Amino acid sequence: MSTPNIPGEAGNDRVSRRIKKRVLFIFLLCALLIMLGSITLSSFSNWKKASYSVPPKTPGTTYKVKTVHALTPTSKPTAISTQRTIHAPMLNYPLFNGNTRLPEIALTFDDGPNPFYTPQVLAILKQYGVKATFFDVGYLVADYPNIVRTEYSNGNVVANHSWSHPDLTYLSEQAIQSQLTSTTNIIQTTIGVRPTFFRPPYGAMNNTVLAQARNLHYTTVLWDGSAADWTLPGVNFIVRTILQYVRNGAILLLHDGGGNRAQTVAALPIIITTLKNHGFKFVTIQQLVDDLVLPIS
Ligand code: ZN
């Protein structure tokens, strides 16, 4: 029979050292895991900062506008900032809408200037005291510079909608840059002011398109609501659909060029008067962006 192995002081020391070693090992393991975790978190947050808030789409597809919003009547009178001389800096993410706490609407017109319809749109805007934003196609600016000058001198914002309206997601970096730069130059030559807002044709964009726009100091502007007025769906349809998208800070898309725009022209006064009656104020995209950070008093 062997004597039971009763641990003495030496045995206790061994056990104690072993426990200490284990505690130290667990401590070091925890420290290592914390370090690894913080490195991972830090790189993830850096990646988040570097990436766009909108994921890239596959070529040829367009971003869907948001779901239908209810018309937001405002009982309070609109107390919105006056025009500023210093504007908000370029946004490095695509803009779909403005400040949702302010009863502001930005009307935007794409694909002009058109020698027949744009002057009619301009006359209606002037008649109702409304300022809007025109996303003009570069080669048409070259063809109809006087219309673009009127857009600008009436207080509207003239913006970049590429030179020839291609789907930019199919183009190389150089070709995208050329589309944007040539349009920048013709607008600057025509009205003496460099445009700062850009809308990709068809709303089609990927990270290359957005990066090129940002490199050229453009804020990319999309939209909240559109009535597909370019499909000639009827005046009532255009009015009804546009009004469904209306909410505070909405960017509404209409077309003054690219085809027959008689229905858009007919719908415009109805849209304007309805929204004015609901207490909305019409602003340019510049004003909309400036007011993004406006606090409510
Ligand atoms: Zn367009």
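If you're wondering where the values come from, they're calculated on a predicted model, not measured in any experiment. Order of appearance sets the numbers: ligands from 1, and atoms from 1 within every ligand.
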Among D110, V121, I238, side chain to side chain contact (heavy atoms under 4.5 Å, CB included) partner for L254: I238
Side-chain donor-acceptor contact under 3.5 Å, Y202 with T169: no
At the Zn ion (ligand 1): angle between H161 atom NE2 and H165 atom NE2, to 10 degrees: 100°
N/O/S from H255 sitting under 2.8 Å away from the Zn ion (ligand 1): no
Exceeds 12 heavy-atom contacts within 6.0 angstrom, atom OH of Y128: yes
Metal proximity, D111 vs the Zn ion (ligand 1), N/O/S cut-off 2.8 Å: yes
Taking every non-hydrogen atom, the tightest pair across D111 and H255: OD2-CD2, 3.2 Å
